[in-house]
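Please read all numbers here as calculations on a predicted model, not as lab measurements.
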Amino acid sequence: MPSKISLLSNALGECYKTSNELLFYCPFCKHHKKKLSVNLTTNNYKCWTCDIRGTNVRRLIKTRLSHSQLYEWDKLNNVVDLTEIDTELFEDKPKVVKEIVELPKEFISLANPNLPITTKFAYKYLQDRGIVKQDIVLWKIGVCSSGEYQGRVIVPSFDTNGNCDYFVARSYGNSFPKYMNPKVSKDIVFNELFIDWNKDIVLVEGVFDAMKAENAIPLLGSTLNEKTTLFNKIIHYDPVVYIALDPDAEAKSNDIINKLTHYDIQVYKVDVSGFEDVGTMTKNQFFQRKENAKLITDDWLLENQIMAI
């Protein structure tokens, strides 16, 4: 009797197997990499490029197998009632309503030519971090000298429509806590308005790290979940990814690398050792480290899996 994997291979072609998931070339978008994920445990499938998805693998393969092969599939899956209607591929998905965030009413853009005296400490704080005027203009950095976010530098994020969807408020003095961000979802691609998905992208932890690297996206932390918008965008656009997290986040860096390479994303790991984080580097220093970044290979992945045992 044929196995589920052999029947799937007959329907979809050669696959790459990892745990309970199988990766195939997608018959819908015909992407040049194996982006169609089939989970034999949950019976779900999804293409990470064209986003075709479903909760019954039989719907995906029934027109690609002979009657006898489909009968074998049904026996393996204990199928009795075969009257399901193939509507999921065509139904409209509910639209996600994006949250628009208002910047604090006290926000003052540091790109303004005539700034009040109250902004000088914020400006010096940025200079001390190696942030220059060009960065301030590019990142639309501002400051609040009063109000709820008093004493904080504000770095806004803009979605692809130019709407503010988040902002980082970092204290430039002794205010606690250091960061006091808005109480909205962080499931965004920070400053996606300015991201070019056709170029290499760099994943870093914070916004000040991102300012030292070109086409960089801050994770607003040190983890990347497979269910997040950012992860799905990376799988969809398939850019080359450079991982440049803080030196103390080695395990988390490796976790992200394993997740991305699982979906056939080409990944490089940037050596940040000797620095507290990317934000403490100069742009030239980061450029040199990026030029010498290590390509993640199967041998590297195997070595790290062995070390983790």
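Note: the hydrophobic cluster containing I100 does not contain Y166 (ILVMFWY, side chain heavy atoms under 4.5 Å, direct or indirect links). Note on I131: it does not cluster hydrophobically with F275, by side-chain heavy-atom contacts below 4.5 Å among ILVMFWY residues. Using a 4.5 Å cut-off between side-chain heavy atoms of Ile, Leu, Val, Met, Phe, Trp and Tyr, with links allowed through other members, I52 and L40 fall into the same hydrophobic cluster. Linking ILVMFWY side-chain heavy atoms closer than 4.5 Å, directly or via other members, places Y125 and F167 in a single hydrophobic cluster. V202 and V155 are members of different hydrophobic clusters when ILVMFWY side chains are connected at heavy-atom separations under 4.5 Å.
For the side chain to side chain contact (heavy atoms under 4.5 Å, CB included) test, residues two or more places apart in sequence or in another chain that qualify with T282 are N284, Q285. By the side chain to side chain contact (heavy atoms under 4.5 Å, CB included) test, Y16 is found to be paired with T18, L23, K34, residues two or more places apart in sequence or in another chain being considered. By the side chain to side chain contact (heavy atoms under 4.5 Å, CB included) test, P177 is found to be paired with R152, residues two or more places apart in sequence or in another chain being considered. Shown here are the ring pair (Phe, Tyr, Trp, His ring centres under 6.0 Å) partners of F286, two or more places apart in sequence or in another chain: there are none.
Within the 4.5 Å cutoff, the side chain of L22 has no heavy atoms near those of the S37 side chain. In this structure, the side chains of H262 and E21 come closer than 4.5 Å at one or more pairs of heavy atoms. Within the 4.5 Å cutoff, the side chain of I154 has heavy atoms near those of the L103 side chain. Within the 4.5 Å cutoff, the side chain of I141 has heavy atoms near those of the M211 side chain. Side-chain contact between F190 and V168 is present, with heavy atoms from C-beta onward closer than 4.5 Å. Under the 4.5 Å side-chain criterion, counting only non-hydrogen atoms from C-beta, L230 is not in contact with I188. Two residues are said to be in side-chain contact when any heavy atoms from C-beta on lie closer than 4.5 Å; H67 and K62 fail this criterion. Put simply, the side chain of L295 reaches to within 4.5 Å of the side chain of Q266, judged on heavy atoms.
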Let me check something: any side-chain donor-acceptor pairs from residues 217-227 under 3.5 Å, sequence neighbours excluded? List them with distances.
unit_1: S222; atom_1: OG; unit_2: K252; atom_2: NZ; d: 3.2
unit_1: N225; atom_1: OD1; unit_2: K227; atom_2: N; d: 2.7
unit_1: E226; atom_1: OE2; unit_2: Y263; atom_2: OH; d: 3.2

For residues 194-201, run the donor-acceptor check on the side chains, cut-off 3.5 Å, and write out each pair with its distance to 0.1 Å, sequence neighbours left out.
unit_1: D196; atom_1: OD1; unit_2: N198; atom_2: N; d: 2.9
unit_1: W197; atom_1: NE1; unit_2: E192; atom_2: OE2; d: 3.3

Name each donor-acceptor pair under 3.5 Å that joins a side chain in residues 237-250 to protein atoms two or more places apart or in another chain, with its distance.
unit_1: E250; atom_1: OE1; unit_2: K269; atom_2: NZ; d: 3.4
unit_1: E250; atom_1: OE2; unit_2: K269; atom_2: NZ; d: 2.5

Expected list for residues 132-140: side-chain donor-acceptor pairs under 3.5 angstrom, two or more places apart:
unit_1: K133; atom_1: NZ; unit_2: L110; atom_2: O; d: 3.4
unit_1: D135; atom_1: OD1; unit_2: K283; atom_2: NZ; d: 2.6
unit_1: D135; atom_1: OD2; unit_2: V132; atom_2: N; d: 3.0
unit_1: D135; atom_1: OD2; unit_2: K283; atom_2: NZ; d: 3.3
unit_1: K140; atom_1: NZ; unit_2: V137; atom_2: O; d: 3.4
unit_1: K140; atom_1: NZ; unit_2: L138; atom_2: O; d: 3.4

Go through M281 and V272 one step at a time and tell me if the side-chain contact (heavy atoms from CB on, under 4.5 Å) criterion holds.
CA-CA 9 Å; M281 297 181 179; V272 189; 3.7 Å; yes
Stepwise side-chain contact (heavy atoms from CB on, under 4.5 Å) check, M180 with E148:
CA-CA 9 Å; M180 195 172 76; E148 181 182 2; 3.9 Å; yes
I235 and T49: side-chain contact (heavy atoms from CB on, under 4.5 Å), yes or no, with the steps?
CA-CA 6 Å; I235 303 304; T49 299; 5.6 Å; no
Evaluate the criterion side-chain contact (heavy atoms from CB on, under 4.5 Å) for residue pair S157 and C164; output intermediate values, then yes/no.
CA-CA 6 Å; S157 166; C164 181; 5.9 Å; no
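Here I117 is tied to no hydrophobic group at all, with no ILVMFWY side chain closer than 4.5 Å. Listed by chain and number, the hydrophobic cluster partners of Y71 come to none, as no ILVMFWY side chain reaches under 4.5 Å of it.
Pairs engaging residues 253-262 under the salt bridge (Lys or Arg N to Asp or Glu O under 4.0 Å) rule: D255-K259 [sequence neighbours left out]. The stretch residues 158-169 participates, sequence neighbours left out, in no salt bridge (Lys or Arg N to Asp or Glu O under 4.0 Å) pair at all.
In this structure, Y172 and C144 approach most closely via the heavy-atom pair OH-O, 4.3 Å. Across I108 and P116, no two heavy atoms sit closer than the pair CD1-CG, 4.1 Å. Considering every non-hydrogen atom in both A122 and V143, the closest pair reads CB-CG2, 3.5 Å. Here the shortest heavy-atom pairing between A11 and L65 reads CB-CD2, 3.7 Å. Nearest heavy atom pair, residue T118 against residue S145, reads OG1-OG, 3.4 Å.
Remark: the K46 side chain and the N39 side chain contain no N/O donor-acceptor pair separated by less than 3.5 Å. Looking only at atom types and distance, the side chain of D187 has no donor-acceptor partner in the side chain of S185 under 3.5 Å away. A donor atom on one side chain and an acceptor atom on the other are not found under 3.5 Å apart for N44 and T55.
Between the side chain of D264 and the backbone N or O of K33 there is no donor-acceptor pair closer than 3.5 Å. A donor-acceptor contact shorter than 3.5 Å links the side chain of R289 to the backbone of S273. Judged purely by atom type and a 3.5 angstrom limit, S9 uses its side chain to pair as donor or acceptor with the backbone of I5. Remark: side-chain polar atoms of S175 are not paired, donor with acceptor, to backbone N or O of S171 under 3.5 angstrom. For the pair R170 (side chain) and Y179 (backbone), a donor-acceptor distance under 3.5 Å is absent. Within the 3.5 Å criterion, the main-chain N or O of T229 finds no donor-acceptor partner in the side chain of N232.
No more than 12 heavy atoms of other residues, nucleotides or ligands sit less than 6.0 Å from atom CG of N174. For E276, the CD atom counts as loosely surrounded, since its 6.0 Å shell holds 12 or fewer non-hydrogen atoms of other residues, nucleotides or ligands.
Summarising the geometry, atom CG belonging to D209 is positioned 4.5 Å from atom CG belonging to D277; distances are rounded to the nearest 0.5 Å. Residue I265 holds its CD1 atom at 13.5 Å from CD1 of I256, rounded to the nearest 0.5 Å. Atom NZ of K4 is separated from atom CH2 of W73 by 6.0 Å, given to the nearest 0.5 angstrom. The distance from the OG1 atom of T119 to the CZ atom of F121 is 10.0 Å, given to the nearest 0.5 Å. Here the CG-CZ distance, from L60 to R53, works out to 13.5 Å after rounding to the nearest 0.5 Å. Here the CD1 atom belonging to I296 is positioned 7.0 Å from the NZ atom belonging to K294, to the nearest 0.5 angstrom.
Here F24 and Y45 keep their ring centres 6.0 angstrom or further from each other.
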